[in-house]
Each structure stands twice: as structure tokens, then as C-alpha cells.
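Per chain, numbering begins at 1; letters A, B, ... match sequence-line order.
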Amino acid sequence: MRYSEMFLPTVREVPSDAEVISHQLMIRAGMIRKLTSGIYSYLPLGYRVIRKLEQIIREEMNKAGAQEVFMSMVQPAELWQESGRWIHYGKELLRFRDRHDHEYCLGPTHEEVITSLVRNDIKTYRQLPRNLYQIQTKFRDEVRPRFGVMRCREFGMKDAYSFDVDEEGAEKSYEKMFNAYNNIFRRCGLKFRPVEADSGSIGGKYSHEFMVMADSGEDAMAFCEKCSYAANLEKAEVSSPERKETLEQDWLPLEEVLTPDVRTIEEVSGFLKVDPQNIVKTLIFSGDGKPYAVLIRGDKDINEIKVRNYLNIAELELASDEMIKDVTGAPRGFAGPVKIKIPVLIDYSVMGMVNFVTGANKEDAHFKNVNMGRDFKAEAFADFRVVTENDQCPRCGGDIKLARGIEVGHVFKLGTKYSKAMKAVFLDKDGQEKIMIMGCYGIGIGRTVAAAIEQNNDANGIVWPMPLAPYQVIITPVNVNEASLTETAESLYQAMTAEGIDVIYDDRDERAGVKFKDADLIGIPLRITVGRKDLAEGRVELKIRKTGEVRLCPLDDIVKQVKEMIRQDMDFNIS
RNA sequence: CGGGGCGUAGCGCAGCCUGGUAGCGCGCCUGCUUUGGGAGCAGGAUGUCGAGUGUUCAAAUCACUCCGCCCCGACCA
């Protein structure tokens with residue numbers, strides 16, 4: 001492609017509304033433009049990267065035995081009513097009516113559609129297993145779109161769905177996708193890791209998220225330094241402690257103390273001169289409308305997802321002031337487990353604590369020397385805590401470390417959640433009707449591209465890994481008004497194009513500096529500079545974007561060399 | 001949904017408080033010079049000042065309403 005003919009509007013200034021580096025660079029490099037909040041247009045350069053990624057995904061999915069389909073983005077309400085998600089999905093599901101007043105939604109995902117497709121045409125175990133995937137635009141009406149293409153409302157996604165006759169088969173399907181995902185992200189040249197994850201509202205038994213390591217990532221994860229354990233912070237387990245009993249002779253008499261307007265752990269700690277480790281925090285939650293108290297050591301944080309999962313309820317939120325007043329008889333800040341009449345869940349961190357401080361369920365009062373067993377019953381002990389750095393690994397006891405990442409892929413074991421609700425059944429060998437076992441597997445396309453930029457950039461712009469690079473080579477004649485330079489550049493361009501290399505020929509009448517800056521910004525891995533001095537000696541300059549390394553190459557060898565370098569960089573990630 | 005901020009040329013912003021000629025930088029167009037890391041000089045084009053209503057002789061500026069966008073929080077595959 002000739003640069004002079006391209007629609008490639010690069011921008012020198014950093015756009016004011018772009019927070020993260022990938023967003024800034026995608027706009028500056030002329031990859032994307034915002035249409036409206038959370039909705040973007042991809043320009044030619046951006047779309048080429050998307051296509052490169054999609055190609056890698058297609059290759060690996062096909063290799064894993066999946067088949068590509070293409071399903072509508074517009075979906076009828078009936079299907080969602082059948083699965084039950086018309087009610088449960090919430091406001092992220094964009095709903096609308098057509099001229100006949102029929103209800104529809106824009107698909108945020110396609111479990112309903114694929115299940116309806118499969119149940120109509122798969123009737124016997126002979127037609128199973130199957131794995132179908134598509135690359136489609138999804139729409140989720142995000143509360144707050146942000147970070148450019150990383151968290152937007154309309155986005156490209158590869159979603160695959162597997163259907164199996166039994167658990168064992170489903171396990172295999174899952175495994176295949178897990179491996180395919182590893183291949184995909186490795187081929188993209190990304191530093192990533194699969195982590196155990198909570199399966200959220202899509203449902204299902206367990207799942208892995210594929211996280212691209214990035215400090216700007218929205219997700220936090222915990223991983224073990226010693227073994228391979230890695231989990232989303234939402235899911236990361238705390239190893240259950242040895243059962244510890246406290247000794248009755250250590251218990252001091254319960255004492256009520258006046259604590260006027262002292263509410264938070266810091267305030268209590270400061271006022272009573274007690275370490276947060278000797279205070280027990282009591283949080284009142286509303287779970288599907290009913291109150292629960294959760295106890296945790298003062299210096300720790302509660303992981304609401306663990307509480308929700310433990311109670312097996314749909315919604316959990318901190319209780320309102322009214323509910324707190326109602327169940328504790330006191331305003332917010334003075335709740336405690338003593339004589340409270342609602343279920344009390346206790347985090348492991350409280351185990352073994354003696355003579356601790358809690359709220360007194362009375363305005364401006366706390367208890368000192370509270371002891372479990374005497375002052376309240378110890379029931380429902382479990383892990384309700386957010387993992388912290390240097391906790392012990394639940395698998396091997398090693399040190400837990402925290403890191404941030406961008407979730408680019410997610411593999412789920414769905415089980416029969418949708419097949420059951422929507423009656424996706426088949427006849428087995430014995431003529432018995434059985435429910436299909438499903439799995440679903442997503443990859444965020446735009447997000448993966450953004451993640452790649454987060455990991456591969458420098459002060460001058462993007463540094464594309466070869467497999468994702470929109471173009472592999474850019475040829476830059478230093479001055480297009482010198483015929484010898486343009487003739488050489490032109491013939492190199494022709495030769496490389498003929499060799500199947502993705503190449504930009506920067507034939508613009510611009511100063512060399514401008515072209516260099518643009519080439520760096522848009523991140524082309526290899527740059528060939530055709531200048532007068534080197535050309536006089538029959539050579540051109542080859543600059544490697546990633547390392548900054550510059551080589552002088554004889555003209556008659558450059559195409560071969562470039563081809564070899566590309567081959568190596570396309571291959572280096574494949575094991 | 002709660003809190004905060006912004007909306008003026010393609011982009012980034014000033015002007016608004018204290019009402020009266022709409023400005024700066026970058027970009028864009030023309031010409032000359034320049035030509036290995038975002039050139040110099042000269043000339044030029046470009047605005048329903050987010051929309052509406054009101055106050056006023058007069059509104060980018062004051063008031064009210066609406067819309068859009070961004071940030072923090074809550075929420076979340």
C-alpha cells in the first residue's frame with residue numbers, strides 16, 4: 001500500500017479523554033475513532049490488526065475442531081424468556097421493539113440462539129459432540145464504558161459453544177478450548193496466564209479467564225510464586241486454617257464502652273487504642289432482600305462474591321441504613337454479633353481471636369473483650385475474605401502475589417443451564433432422552449488488540465508483535481524528490497509485495513523526520529530507509545522497531561533478509 | 001444511579017468571573033526556501049461558541065431547561 005493513498009490520520013497530540021496508553025495510541029495511530037460513548041469505528045489500520053487477530057483465532061479454532069457460524073445480533077425476546085435471562089440479565093441487555101411491537105434485544109452473548117439452533121437440528125448422540133463458533137459484534141449497555149476499546153458497549157467477540165453427550169465429553173471439549181486459547185494468545189506474542197475465575201451470571205461450574213498481564217488492567221489476580229495456582233482475586237481462595245480453640249481462662253469479662261461517633265475501624269482503633277487485628281468488623285448485607293451479618297478481622301476485607309456464593313443467592317449488597325437500624329437497633333457503625341438476631345457468617349480470620357472489640361448494636365457504644373462461644377455462637381465458618389499479598393497458597397502453601405491483568409478470554413463449563421431450560425436434548429445409544437452438556441468460550445477481539453498495545457509500546461508509539469502488525473514492513477525513501485531513491489524504494493516495494501509481504505511504501509512528500517515519527521507511532525516492526533549515502537554504496541538501512549537496532553543491507557539481499565526475519569518473528573511463539 | 005468536570009475552527013485550548021470586533025497553538029490550502037527524527041518565511045481558508053428558552057439596546061459571556069461527553073464511586077461478562 002502506498003502511504004500517500006491511505007486513510008491513515010495520525011495525530012500528534014494526546015487526546016484529552018484517553019486515559020490508558022492503548023486508547024491514546026490507538027487514536028494517535030489512526031486505528032480507531034469514537035462515534036459515541038463506548039462505540040468506536042475502526043479505521044483501515046485498526047481493522048487490519050483486527051483481521052490479523054481474527055485469522056489467528058480462526059486457524060486455532062478450526063484446528064481444535066470447531067466450526068464457524070454466523071448468528072444474528074438481533075435476537076427475539078422469546079428465547080431470552082425461555083432461558084430466564086430476559087428477567088435476570090438486567091440493564092446491560094439493550095431491548096427494543098419493532099414496528100409490530102414485538103420485543104427484541106441486541107445480543108450481548110449467544111447462548112440462547114445457539115441452543116435454539118442446535119436443539120432443532122441435533123437429535124442423536126451420533127451428531128455429537130459439536131463445537132460451533134462465530135466472530136460477531138456484541139452489544140452490552142455498560143454502565144460506564146471506559147478505557148477506549150477495552151470496555152466499550154459495542155465490541156467484537158469470538159464466542160464458541162460446545163455440546164457434548166456427557167460430563168466426560170464436556171471436559172474434553174473444555175480442554176481443547178483451553179489449549180486453543182493458549183495457542184492463540186501465545187501466537188499473538190502476549191504475556192498472559194490462565195486464572196481460575198468466578199463464573200458470574202453466565203452460570204456454570206468453573207471457568208478460567210485468560211489474563212494479559214498489565215498494570216493498567218481492570219482485573220486483579222492472585223498467583224502462587226511456587227506452584228501454578230492462579231486465580232482472579234474475586235475467586236482466589238484463602239487456605240482454611242487449623243481449627244483453633246481459645247482458652248476459656250483467657251477470656252476477660254465483657255465490657256461495654258462509650259464510643260461517641262466512632263464508627264470506622266480506624267476510628268475505633270484510634271479511640272480505644274486497639275490494633276485493627278484485635279477488632280472484628282461486622283458488616284450487614286442484604287442478600288436477596290434478607291439481612292445477614294458477616295464478621296471479619298478488622299484489617300481484612302470481605303469478598304462479597306464469596307459471601308454470595310456461600311449463601312447461593314442472586315444479589316448481595318451492603319444493607320441500607322434502614323435495614324441496619326432495623327436489625328441492630330443502631331445506626332451504621334455500631335453493629336456487632338452479640339445478641340444479633342440474623343444469620344452470622346464468620347470469616348476464618350476471626351478464628352482464634354480473644355478479647356476482641358466489636359460494635360455493641362447500640363448507638364455510640366462498642367464491646368471490649370468479646371469472645372466467641374461465650375458472647376455469640378460460632379457457626380458458619382468459611383472463607384469470606386479478599387486474598388492479600390503474602391497469604392498462603394491454598395494448594396501448596398507458597399507465597400501469594402497479586403498482579404493486575406486484562407481479561408481477554410474466558411472459558412466456561414456451562415453444564416445444562418441452557419440446554420435444560422431450552423430443552424436441548426438428544427437420544428443416546430439406549431434410546432434414552434438426555435440433556436446436552438454445554439460449554440462456552442469467549443475472546444474479546446478489540447480488547448485483545450488493546451491489551452497487546454498495553455504490553456508493547458514505548459515513548460514513540462506502538463511496537464507491534466509481528467503476528468498482529470497491520471503491516472510488517474515500511475519502506476521510507478528519505479526524499480521523494482530524488483529519483484534514485486524513489487526508484488529504489490518503488491522496486492523494493494514491488495519485490496516485497498510480490499513475495500507476499502505486508503508492506504507500506506511511504507511515498508509521501510514529507511520530511512524524513514515526519515515519516516520516521518509516523519512509522520514509529522503506528523508500530524511497523526521493520527523499517528527500510530532508502531537514503532542517498534547508503535544507496536551510493538548499494539545498500540539500504542533496516543531498522544528494527546522493537547530493539548532500535550539498525551543494519552545496513554546490500555540491496556540485492558534485503559528482500560531475502562526481511563522475509564527471513566518475518567518468518568522467524570511469526571514463528572517464535574509457536575512451540 | 002450518586003458526586004465532580006467539560007462542551008468555543010479538524011485536534012488541543014484561551015476568552016466567560018466584570019455582557020459590546022471570536023482568539024492562540026497544531027493541522028489544512030497557496031507560494032518560495034528546506035530535505036535523515038514531527039522545518040522556515042510569506043500569504044490564506046475554516047466557527048449555527050452543544051441545543052432551546054429567558055433577561056438585555058446588546059449574550060460565547062448572565063439565568064433556566066434539555067442534550068452530549070469525560071472523570072470518581074456504585075455496578076458488571
Give the C-alpha distance, both sets of side-chain angles, the deciding distance and a yes or no for ring pair (Phe, Tyr, Trp, His ring centres under 6.0 Å) between A:Tyr493 and A:Tyr505.
CA-CA 6 Å; A:Tyr493 170 55; A:Tyr505 169 28; 5.4 Å; yes
Residues forming a salt bridge (Lys or Arg N to Asp or Glu O under 4.0 Å) with A:Glu78, sequence neighbours excluded:
none
The Watson-Crick or G-U wobble partner of B:G43, with both key distances under 3.5 Å, is B:C29
Answer yes or no: does atom CG of A:Asn481 have more than 12 heavy-atom neighbours from other residues, nucleotides or ligands under 6.0 Å?
yes
Rounded to whole Å, please give me the gap between CG in A:Leu318 and P in B:A74.
10 Å
According to side chain to side chain contact (heavy atoms under 4.5 Å, CB included), who are the partners of A:Thr10, at least two apart in sequence or on a separate chain?
A:Tyr3, A:Leu8, A:Asp518, A:Leu521, A:Ile522
Sequence neighbours excluded, which residues qualify as ring-ring contact (aromatic ring centres under 6.0 Å, His included) partners of A:Phe210?
A:Phe178, A:Tyr181, A:Phe185
Which residues pass the salt bridge (Lys or Arg N to Asp or Glu O under 4.0 Å) test with A:Glu234, sequence neighbours left out?
none
Counting only side-chain heavy atoms from C-beta out, which of B:C76, B:G38, B:U34 sits nearest to A:Arg28?
B:G38
When syn is taken as a glycosidic angle within 90 degrees of 0, is B:U21 syn or anti?
syn
Could you run down nucleotides 4-9 of chain B 5' to 3' and tag each one B, S or - for protein heavy-atom contact under 4.0 Å?
------
Atom NZ of A:Lys176: over 12 foreign heavy atoms under 6.0 Å
no
Residue pairs passing the salt bridge (Lys or Arg N to Asp or Glu O under 4.0 Å) test with at least one member in residues 14-24 of chain A, sequence neighbours excluded, are A:Asp17-A:Lys34
Main-chain N/O of A:Thr264 paired with A:Glu267 side-chain donor or acceptor, under 3.5 Å
yes
Tabulate protein N/O versus nucleotide N/O from nucleotides 41-49 of chain B, keeping only pairs under 3.5 Å, one per line.
none

Side-chain N or O of A:Arg140 less than 4.0 angstrom from OP1 or OP2 on B:A77?
no
Nearest to the side chain of A:Leu521, which nucleotide is it out of B:G38, B:G37, B:A77?
B:G38
Protein-nucleotides 66-73 of chain B N/O pairs closer than 3.5 Å?
residue, atom, partner, partner atom, Å
B:C69, OP1, A:Thr36, OG1, 2.5
B:C69, OP1, A:Ser37, N, 3.1
B:C69, O3', A:Lys34, NZ, 3.0
B:C70, OP1, A:Lys34, NZ, 3.3
B:C70, OP2, A:Ser37, OG, 3.0
B:C72, OP2, A:Arg144, NH1, 3.0
B:C72, OP2, A:Arg144, NH2, 2.5

As a test of reading the structure: which of B:A39, B:G38, B:G36 is closest to the side chain of A:Lys517, going by heavy atoms?
B:G38
Set of residues satisfying side chain to side chain contact (heavy atoms under 4.5 Å, CB included) with respect to A:Glu322, sequence neighbours excluded:
A:Ser320
Only counting residues at least two apart or in another chain, list the ones meeting ring-ring contact (aromatic ring centres under 6.0 Å, His included) with A:Tyr441.
none
Does atom CZ of A:Arg532 have more than 12 heavy-atom neighbours from other groups under 6.0 Å away?
no
Considering only B:U35, B:G36, B:C75, which nucleotide approaches the side chain of A:Glu304 most closely?
B:C75
Does B:C76 have OP1 or OP2 sitting under 4.0 Å from an N or O in the side chain of A:Arg308?
yes
With 3.5 Å as the limit, what N/O pairs link the protein to nucleotides 26-30 of chain B?
residue, atom, partner, partner atom, Å
B:G27, OP1, A:Arg12, NH2, 3.2

For A:Arg527, answer base if it contacts any base atom (sugar-phosphate contacts may also be present), sugar-phosphate if it contacts only those atoms, and nothing otherwise; contact means non-hydrogen atoms under 4.0 Å.
base
If you look at every strand shown and take non-hydrogen atoms under 4.0 Å, does A:Asp534 touch a base, only sugar-phosphate, or nothing?
base
Just to verify, what does A:Asn303 make a side chain to side chain contact (heavy atoms under 4.5 Å, CB included) with, not counting sequence neighbours?
A:Ile305, A:Lys306, A:Val386
Lys NZ or Arg CZ of A:Arg33 over A:Tyr40 ring: under 6.0 Å, within 45°:
no
Base partner of B:C69, which must satisfy Watson-Crick or wobble distances under 3.5 Å
B:G5
